[in-house]
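Reading through the structure tokens given below for one structure.
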Amino acid sequence: ALAGVGYTSYVVYQMRNPADQPDPDPSKKTLVILGTGWGSVSLLKKLDTENYNVVVISPRNYFLFTPLLPSCTTGTIEHRSIMEPIRNFLRHKKAAVKYYEAEATKVDYEKKVVYINDESEIKGDVSATEVPFDMLVVGVGAENATFGIPGVREHGLFLKEVGDAQRIRKRIMDCCETAIFKDQDPEEVKRLLHMVVVGGGPTGVEFAGELQDFFNDDLKKWIPDIKENFNVTLVEALPNVLPMFSKQLIEYTEKTFKEETIKIRTKTMVKRVTDKFIEAESTGPDGKKQLERIPYGLLVWATGNALRPVVKDLMSQIPAQKDSRRGLAVNEYLVVKGTENIWAVGDCAVANYAPTAQVAAQEGSFLARLFNQMAKTEQIEEELKKLSTAQEKAPSKDDRDRVFANIKDLQKRLRRVKQMGPFEYSHQGSLAYIGSEKAVADISWLTGNFATGGTLTYFFWRSAYLSMCFSTRNRVLVLVDWVKAKVFGRDVSR
Ligand code: NAD
């Protein structure tokens with residue numbers, strides 16, 4: 001059996017390192033892809049890399065399975081379980097792809113170059129340089145919106161990247177350990193144990209649910225002294241949370257939060273943040289506005305997306321982007337409006353869909369098909385050119401007829417290849433975990449529009465996420481983490 005396992009591992013290892021992977025061909029068109037998130041990675045997965053000289057640029061040398069990121073803030077899942085190194089799948093490609101770990105700081109649209117900056121701690125001789133492109137795909141995502149509210153960047157924690165989840169995890173434990181420090185003032189204990197989440201979108205809701213689970217399942221057992229004062233509050237400016245879900249699911253979420261003792265403060269708009277308080281304006285049932293100071297120990301800021309500077313700068317170079325506010329306006333083939341050789345996918349693109357992973361993934365796959373088809377079209381057109389010369393030079397009528405038949409065949413193939421419709425998003429549904437082993441789902445493909453909540457949905461949520469997880473390796477790791485947390489409890493070390 002051991003020999004069998006050994007041999008299988010060897011075969012798998014061999015498969016992962018194709019010895020015959022040819023180098024990128026610089027004589028081909030250079031396709032530069034910015035980003036390693038949902039959009040760019042879906043594109044890379046389906047792209048026939050042998051058709052282009054492909055260069056990937058991203059400060060993050062891994063793909064992150066973001067739907068499970070809230071689970072990393074409490075240690076239900078370890079962050080490495082939802083990271084997949086970009087090298088892991090680039091080496092499966094037929095032709096090699098160049099990858100540079102760097103941030104794209106500027107795209108010069110006229111000159112067709114991307115300026116990049118290596119942000120790593122160790123510096124080589126070069127830390128900033130430029131990469132020319134023939135074709136460019138912008139999939140850099142977005143940054144956290146703060147709406148310029150003072151104090152948010154200094155005191156709030158975001159939930160977008162692995163580092164954010166780690167910071168939150170540490171801060172939760174720091175708050176708990178500091179709260180029970182000897183001779184701590186009772187008011188200070190209350191403040192430290194008040195966990196405030198701003199933003200009632202899916203990010204805020206999922207995090208609040210995970211945090212309350214952490215308290216209920218583990219924290220109150222390991223640190224019973226915090227039991228009386230540990231509180232989670234979700235603050236939302238609009239009249240309800242999860243605006244993209246149906247009314248029934250909003251009510252279900254609000255009811256579940258009540259049972260979990262998560263306090264929801266709707267119609268409450270945060271205006272300012274200091275190191276210990278948030279200042280919020282709440283609107284009462286009588287419409288009266290009231291300003292209040294809410295003390296907090298942990299502040300998680302989840303109020304959605306804002307444009308990255310590199311995207312804003314690119315937009316300023318293209319007159320057709322003048323009126324676009326939320327991101328790069330694209331046409332139905334995801335071409336950035338006003339350009340011919342730049343495409344955009346995911347949260348940095350505006351194509352009339354919500355900025356979700358699902359949309360980005362579908363856009364990425366669409367572009368892969370489009371680029372594969374463009375390469376095929378070019379190949380066929382070249383062959384056709386050769387054939388028509390051959391036809392002219394053919395010595396006999398028979399030869400000419402044979403070449404002519406070939407031309408007809410190729411023309412037919414060309415027509416078929418060229419028939420590619422525009423991008424159409426197919427919504428598979430929305431899914432969100434709301435804590436205490438419950439989830440809500442709006443699933444359009446089940447029964448027109450099927451809304452469900454509860455424990456069964458939770459198992460559906462788990463299996464759906466597990467099946468969507470990037471690689472078999474990730475699937476195994478996530479499953480093991482779930483079992484580990486259930487059996488031993490979550491790890492409460494800081
Ligand atoms: P969001 O934009 O969906 O929600 C942000 C919320 O913050 C809004 O409801 C807004 O009213 C509120 N807000 C803004 N400023 C505020 C203030 N000053 N005070 C109080 N409240 C304020 O943001 P998100 O949850 O980060 O989601 C971003 C995108 O990612 C969305 O398109 C979402 O659908 C998607 N997403 C989906 C899932 C899922 O399907 N499970 C999970 C995470 C994110």
Side-chain angles (χ1 to χ4, degrees), residues 37-39 64-73 82 141-153 156-161 164-165 196-210 233-246 249-250 253 264-273 278-283 289 291-292 294 296 299-306 326-327 346-361 425 427-435 438-444 453 457-458 460-462 464-465 468:
W38 282 95
L64 180 65
F65 189 78
T66 44
L68 288 176
L69 193 61
S71 299
C72 294
T73 60
I82 57 166
E143 58 176 42
N144 296 289
T146 64
F147 307 104
I149 296 171
V152 176
R153 288 213 183 272
L157 297 179
F158 299 114
L159 185 47
K160 206 176 226 339
E161 300 289 343
D164 298 329
V196 175
V197 186
V198 179
T203 307
V205 166
E206 290 192 319
F207 171 69
E210 294 275 356
T233 302
L234 180 65
V235 181
E236 167 57 54
L238 298 175
N240 43 46
V241 298
L242 291 182
M244 69 288 296
F245 283 83
S246 65
L249 289 179
I250 292 173
T253 306
I264 299 185
R265 298 276 316 257
T266 49
K267 295 191 191 164
T268 306
M269 163 93 90
V270 177
K271 299 260 167 157
R272 209 166 83 91
V273 174
I278 57 170
E279 286 179 13
E281 185 183 78
S282 56
T283 313
K289 290 193 181 346
L291 207 64
E292 54 183 319
I294 305 169
Y296 72 86
L299 171 66
V300 171
W301 194 266
T303 62
N305 292 342
R326 285 177 300 119
D347 289 3
C348 63
V350 181
N352 292 331
Y353 308 108
T356 66
Q358 214 179 126
V359 171
Y425 171 59
H427 186 61
Q428 303 295 303
S430 309
L431 208 55
Y433 179 62
I434 58 171
K438 286 179 181 145
V440 287
D442 258 324
I443 303 158
S444 36
T457 314
Y458 167 70
F460 174 73
W461 172 81
R462 281 210 158 173
Y465 278 6
M468 286 188 308

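One-based numbering, in listed order, for ligands and for the atoms of each.
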**Item:** Residues Thr66 and Trp38: side-chain donor-acceptor under 3.5 angstrom
**Value:** yes
**Complete:** Numbered in order shown, the ligand 1 atoms found under 4.0 Å of a heavy atom of Tyr465 are 41 (N)
**Prompt:** Can you tell which of Arg265, Glu281, Glu236 gets a heavy atom nearest to atom 8 (C) of ligand 1?
**Reply:** Glu236
**Asked** Just which atoms of ligand 1 are under 4.0 Å from any heavy atom in Ile149?
**Response** 18 (N)
**Prompt:** For ligand 1, is there an N or O atom under 3.5 Å from any N or O atom of Leu431?
**Reply:** yes
**Message:** Just to confirm my output: which protein heavy-atom neighbour is closest to atom 2 (O) of ligand 1, and how far is it?
**Reply:** Gly304 CA, 3.6 Å
**Prompt:** Hey, is Thr268 one of the residues with a heavy atom under 4.0 angstrom from ligand 1?
**Reply:** yes
**Asked** Based purely on interatomic distance, does Thr356 place a nitrogen or oxygen under 3.5 Å from a nitrogen or oxygen of ligand 1?
**Response** no
**Request:** May I ask you to check whether Val270 has an N/O atom sitting below 3.5 Å from an N/O atom of ligand 1?
**Result:** yes
**Asked** With a cut-off of 4.0 Å, which atoms of ligand 1 are near a heavy atom of Val198?
**Response** 19 (N), 20 (C)
**Asked** Taking the non-hydrogen atoms of Glu206, is any one of them nearer than 4.0 angstrom to ligand 1?
**Response** yes
**Fill in**
Near Met244 (heavy-atom distance under 4.0 Å), the atoms of ligand 1 are 3 (O), 34 (O)
**Request:** For Thr203, counting its heavy atoms only, list the atoms of ligand 1 lying under 4.0 Å from any of them.
**Result:** 24 (P), 25 (O), 26 (O), 27 (O), 43 (C), 44 (C)
**Prompt:** For ligand 1, which atoms sit closer than 4.0 Å to a heavy atom of Met269?
**Reply:** 17 (C), 18 (N), 19 (N)
**Message:** Is there a polar contact, in the sense of an N or O pair closer than 3.5 Å, between Phe147 and ligand 1?
**Reply:** no
**Asked** Which atoms of ligand 1 have any heavy atom of Gly200 under 4.0 Å away?
**Response** 6 (C), 7 (O)
**Complete:** Nearest non-hydrogen contact to atom 31 (C) of ligand 1 from the set Gly429, Pro355, Ala360 belongs to Pro355
**Non-hydrogen atom of Ala302 closer than 4.0 Å to ligand 1** = yes
**Prompt:** Considering only heavy atoms, does Tyr433 approach ligand 1 within less than 4.0 Å through its side chain, its backbone, both, or neither?
**Reply:** neither
